[in-house]
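Note that the structure is predicted; figures quoted are calculated from it, not measured. Just so you know, residue 1 is the first one in the sequence shown, and it goes up from there.
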Amino acid sequence: MSSAKQPHIDPKEINLEGSTVDRFKSRSDAFWSGMRDAAGAPAMVLFAGMVGFGAMGRTNGVDGWFTVLSSFLMFALPGQVVLMEMVITGSSVIAIALAVTLTSTRFVTMTVTLFPQLHEKDRNRHLYATVHLLAMTAWAVSMKEFSSIEVKHRLSYFVGLGLLCWLISVPGTILGYILAGFVPAAVTLGLVFINPLFFLLTFTEVKPWINRIAICLGCLLGPFFTMLDRDSSLLTTGVIAGVIAYFIDRKWIRKKAGIIG
């Protein structure tokens with residue numbers, strides 16, 4: 001993919017303070033640093049969410065192999081929950097595929113904002129193998145940390161971060177499936193929402209103001225659209241809040257800062 005076709009990222013939005021050259025000595029160092037960063041809050045939060053998902057599967061009578069395999073192959077908790085709900089209600093394969101695809105459209109924006117920040121040599125066909133590691137947690141942490149990581153080490157850091165998160169998703173699902181029935185249903189369902197909450201709190205630390213504006217608008221508009229139509233409220237809130245935040249950023253914030261004309 002030529003550089004002309006890459007999504008535009010304004011250099012003024014990227015924090016270059018501090019020494020980004022000396023943070024990692026090699027790609028291996030960056031990889032293991034990503035592993036260490038994932039081993040803290042990101043992995044624990046994702047593990048808790050997968051425990052809740054595993055318990056949800058057993059509580060609703062879904063086979064254990066199907067529940068665990070969805071974590072291994074999909075690695076997308078919102079999509080897995082939608083898949084589970086539609087399987088339980090006996091929806092058709094086409095309807096399930098369409099619904100899961102719609103819940104996964106967020107990966108498009110996550111991909112076009114994260115991967116263009118990688119080194120040009122890393123943006124090749126081999127990058128497709130790492131896309132499976134892209135999840136809300138890994139994306140939010142990477143967006144926060146990339147500004148302090150030298151460009152040539154960013155992919156290694158992301159792979160280390162995302163790989164550990166993916167690997168712990170399967171044992172988390174298995175544990176949840178085993179523990180179902182021993183833990184109150186309200187607790188296991190609550191665990192599923194820990195991961196989106198962690199993503200939300202992490203994303204507020206990303207520097208560009210457009211992110212915070214979109215989050216605030218989502219919190220304000222969410223209840224309103226839920227009252228209008230509960231089934232489509234999440235999608236509607238995200239689209240409208242994001243579009244409004246985009247125009248606020250383009251029309252006022254960037255013009256005021258002299259970034260665009």
Side-chain angles (χ1 to χ4, degrees), residues 1-10 13-14 42 46 49 70-83 85-86 94-120 122-147 151 154-155 157-159 161-163 165-166 169 195-196 198-200 202-204 206-215 217-218 221-222 225 231-250 254:
M1 183 179 292
S2 65
S3 57
K5 296 181 180 179
Q6 296 289 342
H8 174 70
I9 298 178
D10 198 292
E13 294 183 354
I14 303 176
L46 184 59
S70 68
S71 293
F72 182 78
L73 296 178
M74 292 181 64
F75 187 46
L77 195 53
Q80 290 174 237
V81 172
V82 170
L83 172 68
E85 290 181 344
M86 297 191 72
I94 295 178
I96 293 174
L98 180 60
V100 173
T101 299
L102 288 175
T103 64
S104 300
T105 54
R106 68 188 186 282
F107 288 110
V108 176
T109 55
M110 291 162 66
T111 300
V112 300
T113 53
L114 184 69
F115 287 164
Q117 298 184 57
L118 302 177
H119 195 282
E120 186 175 355
D122 292 326
R123 300 200 297 268
N124 51 51
R125 65 177 180 272
H126 301 296
L127 195 60
Y128 288 105
T130 66
V131 172
H132 185 61
L133 305 178
L134 186 63
M136 289 192 298
T137 305
W139 178 78
V141 174
S142 296
M143 289 290 288
K144 177 174 174 285
E145 296 294 330
F146 270 11
S147 61
V151 176
R154 290 176 179 175
L155 178 60
Y157 177 86
F158 168 76
V159 171
L161 178 72
L163 182 61
C165 290
W166 177 49
S169 66
N195 191 43
F198 174 80
F199 159 77
L200 179 66
T202 302
F203 198 45
T204 56
V206 179
K207 188 176 180 181
W209 266 97
I210 184 174
N211 306 314
R212 301 168 191 174
I213 294 172
I215 290 171
L217 286 172
L221 296 176
F225 287 114
D231 293 336
S232 64
S233 60
L234 184 60
L235 177 63
T236 306
T237 300
V239 170
I240 294 180
V243 169
I244 294 175
Y246 173 82
F247 280 107
I248 291 176
D249 179 63
R250 290 283 172 172
R254 294 197 182 197

Which residues pass the ring pair (Phe, Tyr, Trp, His ring centres under 6.0 Å) test with Y246, sequence neighbours left out? none

A245: side chain to side chain contact (heavy atoms under 4.5 Å, CB included) partners, not counting sequence neighbours: I210, I213, A214, L217

With a cut-off of 6.0 Å (strictly less than), are more than 12 heavy atoms of other residues, nucleotides or ligands near CD1 of I94? no

Which pair of heavy atoms, one from M143 and one from T113, lies closest together, and at what distance? SD-O, 4.0 Å

Can you name the side chain to side chain contact (heavy atoms under 4.5 Å, CB included) partners of H119, sequence neighbours left out? K121, D122, V151, K152

Heavy atoms of Q80 and S71 approach each other most closely as NE2-OG, 3.0 Å

If you measure from CG on L83 to CE on M74, what distance do you get to the nearest 0.5 Å? 5.5 Å

Pairing residues for S169 by the side chain to side chain donor-acceptor pair (under 3.5 Å) criterion, not counting sequence neighbours: none

To the nearest 0.5 angstrom, please state how far the CG atom of L163 sits from the NE2 atom of H132. 10.0 Å

If you compare all heavy atoms of S142 against all heavy atoms of L161, which two are closest, and at what distance to 0.1 Å? OG-CD2, 3.5 Å

Considering residues at least two apart in sequence or located in another chain, which fulfil the side chain to side chain contact (heavy atoms under 4.5 Å, CB included) criterion with A99? V82, M86

What's the shortest heavy-atom distance between A241 and G218, and which atoms? CB-N, 3.7 Å

Could you measure the distance from the OG1 atom of T236 to the CG atom of L221? Nearest 0.5 Å is fine. 10.5 Å

Side chain proximity check, T109 to W139, heavy atoms < 4.5 angstrom: no

For V141 and P42, work out which heavy atoms get closest and say how close. CG2-CG, 4.1 Å

Contacts of T130 meeting side chain to side chain contact (heavy atoms under 4.5 Å, CB included) (sequence neighbours excluded), chain-then-number -> F115, L127, L155, F158, V159

Locate the shortest heavy-atom distance separating L133 from F75; write the atom from each residue and the value. O-CE2, 3.8 Å

